[in-house]
Colleague: 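Can you read through this structure? Questions will come right after.
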Amino acid sequence: MKALVLKEPSRFVYEDVPLPEFGDTDVLIEVRACGICGSDVHGMDGSTGRRQPPVIMGHEASGVIAEVGSQITGWKQGDRVTFDSTIYCGECWYCRRGEINLCDRRRVLGVSCDDYRQHGAFADYVAVPARILYALPDEVSYEEASMVEPLSVAVHAVEMTLVRLNDVAVVMGAGMIGLLIVQVLRIAGCGVIVTVDIDSRKLELAQKLGADAGLNPSECNVPGEVKKLTNDRGADLAFEVVGITETVKAAAESLRKGGCLTLVGNLSPSIDFPLQWVVTRQIQVKGSCASCGEYPVCLDLIAQRRVNVQPLISAIAPLEEGSLWFERLYKKEQDLMKVILKPQEKA
Ligand SMILES: [Zn+2]
Ligand SMILES: [Zn+2]
């Protein structure tokens, strides 16, 4: 089969590789679409240590079942599916509590780090355990299904947060996840949703997708503006989707006393944290990691057109052009949000 292989830092080759091996409880999937994630672009130069070459990246994918392992019941050749980006073991202490995103033996597809190498879906085929599969509703295209993974991250972050009817929420960062959080917060019943980003075009898009206001920190004082919108009180909720000192600080300082700060972004591994502000105002701080079984909800939200992923898809391109698209994303070309790669369809 063909695959887009990261051969050495920042160098991809589209080449022939062996079909992935699959066991009795696995399925072999013919990949139809796979999105390039920010973490793939961030990791391709070797800086994160989580894309150690050689590796086939890709964890935001969908496709058709080509073959099933001998122990599999309930799935068959030809089924349209997507799958969790994380292979959880299903047996450890966390898995048995249902906290599959915290699995002790978790492996993320398309990641290769010191502990493991798990080839992903920038290939004609990928093999995954059947327990991580989800069937696609007829209304959801393969391209839309490859957006379920980022959407599940947004849904999980909102579900981690106690959202009350008519809450005021600040979303720090209007990239892919931020724009999805905005849409999910609307469904969850928020009253006013404020987005914050240094890119005004992203703020405009956020407002098209349901945000009420957009603040650009290079033009205004964000906590001050949020106060103006909330009778001088501050927002009930803040979602931080960037992960640097400035944005975490602005998110915390935009909250009212007793508000909730949900941390999703982690661009910097550690930051300067406004400890006293958080403690003395009794702010709740939560980290949100990946997702935990939210895929069916996400597929329904897309099928019912309650979340609109289309405006976030910038390009759909053949897998063999992958190298070029990774380079464009790495250079942070303007106006590029999600790029989806498609392997050549078999006859
Ligand atoms: Zn991702
Ligand atoms: Zn586990």
Side-chain angles (χ1 to χ4, degrees), residues 4 6 25-26 31 33-44 47-51 55-63 82-113 115-116 118-123 126 128-132 134 142-157 173 175-181 184 241-243 263-267 287-295 298-299 302 307 309 312-315 322 325-326 329-330 336-341:
L4 183 71
L6 182 70
T25 56
D26 297 332
V31 179
C34 184
I36 300 179
C37 177
S39 64
D40 295 329
V41 177
H42 195 50
M44 66 186 254
S47 58
T48 64
R50 289 183 55 79
R51 300 292 189 283
V55 63
I56 302 167
M57 302 199 256
H59 59 262
E60 305 179 352
S62 64
T82 185
F83 41 88
D84 205 310
S85 58
T86 300
I87 300 175
Y88 49 89
C89 76
E91 290 165 3
C92 73
W93 191 83
Y94 289 102
C95 281
R96 295 184 69 167
R97 284 160 61 95
E99 295 173 328
I100 54 175
N101 56 333
L102 306 182
C103 171
D104 281 330
R105 293 190 280 264
R106 103 193 261 268
R107 283 170 157 236
V108 181
L109 278 159
V111 165
S112 113
C113 52
D115 299 334
Y116 65 85
Q118 182 74 45
H119 290 307
F122 288 129
V126 65
V128 301
R131 66 175 173 279
I132 72 167
Y134 296 95
Y142 293 113
E143 292 79 12
E144 287 169 332
S146 70
M147 299 291 287
V148 166
E149 198 267 347
L151 177 57
S152 75
V153 172
V155 170
H156 184 65
M176 171 72 42
I177 305 292
L179 292 169
L180 291 167
I181 288 178
V184 176
V241 204
V242 185
L263 302 172
V264 185
N266 55 91
L267 210 53
S288 178
C289 172
S291 66
C292 182
E294 284 90 351
Y295 276 56
C298 296
L299 285 165
I302 294 174
V307 166
V309 295
L312 309 180
I313 300 175
S314 312
W325 287 98
F326 265 98
L329 287 161
Y330 190 78
L336 274 189
M337 299 275 284
K338 184 60 72 186
V339 174
I340 293 173
L341 300 177

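Indexing begins at 1, ligand by ligand and atom by atom, following the structure's order. Counting begins at 1 with the first residue of the sequence.
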Colleague: To the nearest 0.5 Å, how far apart are SG in Cys89 and CD1 in Ile87?
Modeller: 11.5 Å
Colleague: Please calculate the SG(Cys103)-the Zn ion (ligand 2)-SG(Cys92) angle and round it to 10 degrees.
Modeller: 110°
Colleague: Less than 3.5 Å apart, any donor N or O on the side chain of Ser39 or Arg51 sitting next to an acceptor on the other?
Modeller: yes
Colleague: Which N, O or S atom name in Glu60 marks its closest approach to the Zn ion (ligand 1)?
Modeller: OE2
Colleague: Taking atom OH of Tyr134 as the centre, report whether more than 12 heavy atoms of other residues, nucleotides or ligands fall under 6.0 Å from it.
Modeller: yes
Colleague: Are His42 and Tyr330 close enough that some pair of their side-chain heavy atoms sits under 4.5 Å apart?
Modeller: no
Colleague: Using the six-membered ring wherever Trp is involved, compare the ring planes of Phe326 and Phe122 and label them parallel, tilted or perpendicular (cut-offs 30° and 60°).
Modeller: perpendicular
Colleague: In Glu149, the N, O or S atom nearest to the Zn ion (ligand 1) is which?
Modeller: OE1
Colleague: Using the Zn ion (ligand 2) as the vertex, how large is the angle between SG of Cys95 and SG of Cys89, rounded to 10 degrees?
Modeller: 120°
Colleague: Please calculate the NE2(His59)-the Zn ion (ligand 1)-SG(Cys37) angle and round it to 10 degrees.
Modeller: 100°
